[in-house]
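Numbering of ligands and ligand atoms starts at 1, following listing order.
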Amino acid sequence: MNKTIIITGGAGFIGSHVVRLFVDKYPDCRIINVDKLTYAGNLANLKDVEDRPNYRFVKADICDFEAMRTLMEAERVDGIIHLAAESHVDRSIRDPFTFARTNVLGTLSLLQAAKEYWESLPEGYSGKRFYHISTDEVYGALELTHPEGIEPPFTTKASSGKHHLAYGDTFFYETTRYNPHSPYSASKASSDHFVRAFHDTYGMPVIVTNCSNNYGPYQFPEKLIPLFINNIRHRKPLPVYGKGENVRDWLYVEDHARAIDLIFHKGKDAETYNIGGFNEWKNIDIVKVLVRTADRLLGRSEDEDMGLITYVTDRKGHDMRYAIDSTKLQRELGWEPSLQFEEGIEKTVRWYLDNQEWMDMVTSGEYMKYYDGMYGKR
Ligand code: NAD
Ligand code: TYD
C-alpha cells in the first residue's frame, strides 16, 4: 500500500485513537500527525506510538496554508483524515471567533492546499482522499416525544429494522437538513459545506462523516464524562446543566476510530455516513451510572457520592436531544459498535481511575511541557 496519510488533530481525544489504530494496523503506511497543540492537544496521549518508524509528529496550525501546502508536497501525501478542530460547545459560546478560524478557515486552508498539491500531480486526484470528521450536532436538536402517551425511553425500530431504546421517534439521517444552533455546530456545518463544495466544484475525492458523542480514554476533562469521573474521585460537585433531561447518543471512541478506518478505506467518494451506536441516554442517568461505577471501583459505599450532583444554570441554547441513525454505515460497510454502553462506561471509569497520573498532568497544566521535553520548544 505504502500510502502517506496526514491525520490532523492527532494529539486530541479521538485523533489519538485514530493515529494509534493506523500506526499499529498499517506498518507500511506513513502516518503524519499534524497538530497545533492547543490546550486540547496532548502528545502524552500517544506515548506508546511516538517512536514507531511509520509515525511522525508535525507541530503546525492547519490555518497556515503555506505550511500545509509545503508539508503535503514534501511528504507526498495521498490521504488526509481531518479531525483538528475546536470541539467544546461551552468554549464556543464564550469565544466563537476561535471556532470560525480553526474549524472553517482551517478546513478551507487544508482543502486548498490538498487541491493545489494533488492537481499538480500527473495522476491528479486518482488514489487520493480527503476525509472530514464532523459531528451530529450540525443537524440541530431533536425533541423528546411521547408517542401514544408512552414515557420515554421506549423501544423503537431503526431503519435497519433493529430495535433499540429511544427518547423520541425522530432521528438524524444523512439526508437531514443542517440546522446548527451553537457556534461550535455552526462552524462544523460550515466546514462540512466547504468540503462538499470542493468535490462539487473541483472534483476532489471527499468523504464526510457525522458522529455522535464519543466517550473513552484520553478525553480532555472539560467534557461531561471525564470531568465528572475526576470530580467524583475528588468529591467535588457534579454540575448538571438545567434538569439533566438532555439526551445524547454515546459511542465508545475506539468504535468511532474503527469506523473511520473502514470508511477511509472502503467508503465511496462524495458520500456522507452517519456514525452512532443507537445508544441514547439522559444526562442525569449517565451521571448516576458514573457515580455508582466510580464509587464501586473506589471501594466506597453504594451511592455514597450521589449528593455531589448539583443542578446549575443551563447551557445557553442547549440542544435537547441528539439521536443518530447509522443504518447506512451498518448496511453498506458492515460496521457495528463493538461495545455495549455498560461495558464501555465500566472500561472508561476504570481507565480514568487507573490513570490518575495522566489526569493530574492535564488538570495541573503539566501536560503542556511534554512537548518541550520531547521535541524542543512548544
Ligand atoms: P479535541 O478537542 O480533543 O482535539 C482537537 C485536536 O485538534 C487537539 O489535539 C488540538 O490541539 C488540535 N487543533 C485544534 N486547533 C488546531 C489548529 N488550528 N491546527 C492544528 N491542530 C489543531 O477534539 P475531539 O473530541 O478529539 O474531536 C475531534 C474531531 O471529531 C473534531 O473535528 C470534532 O468536531 C469531531 N467530533 C467529536 C466528537 C466528540 O464527541 N468528541 C463527536 C463527533 C465529532
Ligand atoms: P459535552 O461533553 O460538553 O458534549 P456536547 O455538548 O458536545 O454534547 O456535554 C454532554 C452533555 O452534558 C451536554 O448535554 C451538556 C451536559 N453537561 C453538563 O450537564 N454539565 C457539564 O459540566 C458538562 C461539561 C456537560
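The closest side-chain donor-acceptor pair between Asn279 and Trp281 falls under 3.5 angstrom.
Looking only at protein heavy atoms, the nearest one to atom 15 (C) of ligand 2 is His318 NE2, 3.5 Å. Ranking the protein heavy atoms by distance from atom 24 (C) of ligand 2 puts Glu222 O, 3.2 Å first. Nearest protein neighbour of atom 20 (N) of ligand 2, counting heavy atoms only, is Pro239 O, 2.8 Å. Remark: minimum distance from atom 16 (C) of ligand 2 to any protein heavy atom is reached at Asn283 ND2, 3.5 Å. The nearest protein atom to atom 10 (C) of ligand 2, hydrogens excluded, is given as Leu224 CB, 4.0 Å; this is a heavy-atom distance. Among all non-hydrogen protein atoms, the one lying nearest atom 6 (O) of ligand 2 is Arg315 NH1, 2.5 Å. Ranking protein heavy atoms by distance to atom 4 (O) of ligand 2, first place goes to Asn213 ND2, 3.4 Å. The closest protein non-hydrogen atom to atom 19 (O) of ligand 2 is Tyr241 N, 2.9 Å.
A salt bridge does not link Glu254 to Arg258: none of the charged side-chain nitrogens sits closer than 4.0 Å to a carboxylate oxygen. Here Arg30 pairs with Glu75 in a salt bridge; the nearest charged N to carboxylate O distance falls below 4.0 Å. Ion pairing between Asp78 and Lys3 fails under the 4.0 Å rule for side-chain N and carboxylate O. In summary, Lys282 and Glu245 engage in a salt bridge, as defined by a charged side-chain N under 4.0 Å from a carboxylate O.
Listed for the Ser190 side chain is no donor-acceptor partner under 3.5 Å among the backbone atoms of Ala186.
Annotation: ligand 1 has protein neighbours Gly9, Ala11, Gly12, Phe13, Ile14, Asp35, Lys36, Leu37, Thr38, Ala40, Gly41, Ala60, Asp61, Ile62, Leu83, Ala84, Ala85, Ser87, Thr102, Ile133, Ser134, Thr135, Tyr184, Lys188, Cys211, Ser212, Asn213, Asn214, each with a heavy atom less than 4.0 angstrom from the ligand.
Annotation: cation-pi geometry not satisfied between Arg20 and Tyr55 (NZ/CZ under 6.0 angstrom from ring centroid, within 45° of ring axis).
By the neighbour-count criterion of 12 heavy atoms within 6.0 Å, atom CD of Glu143 is sparsely surrounded, having that number or fewer from other residues, nucleotides or ligands.
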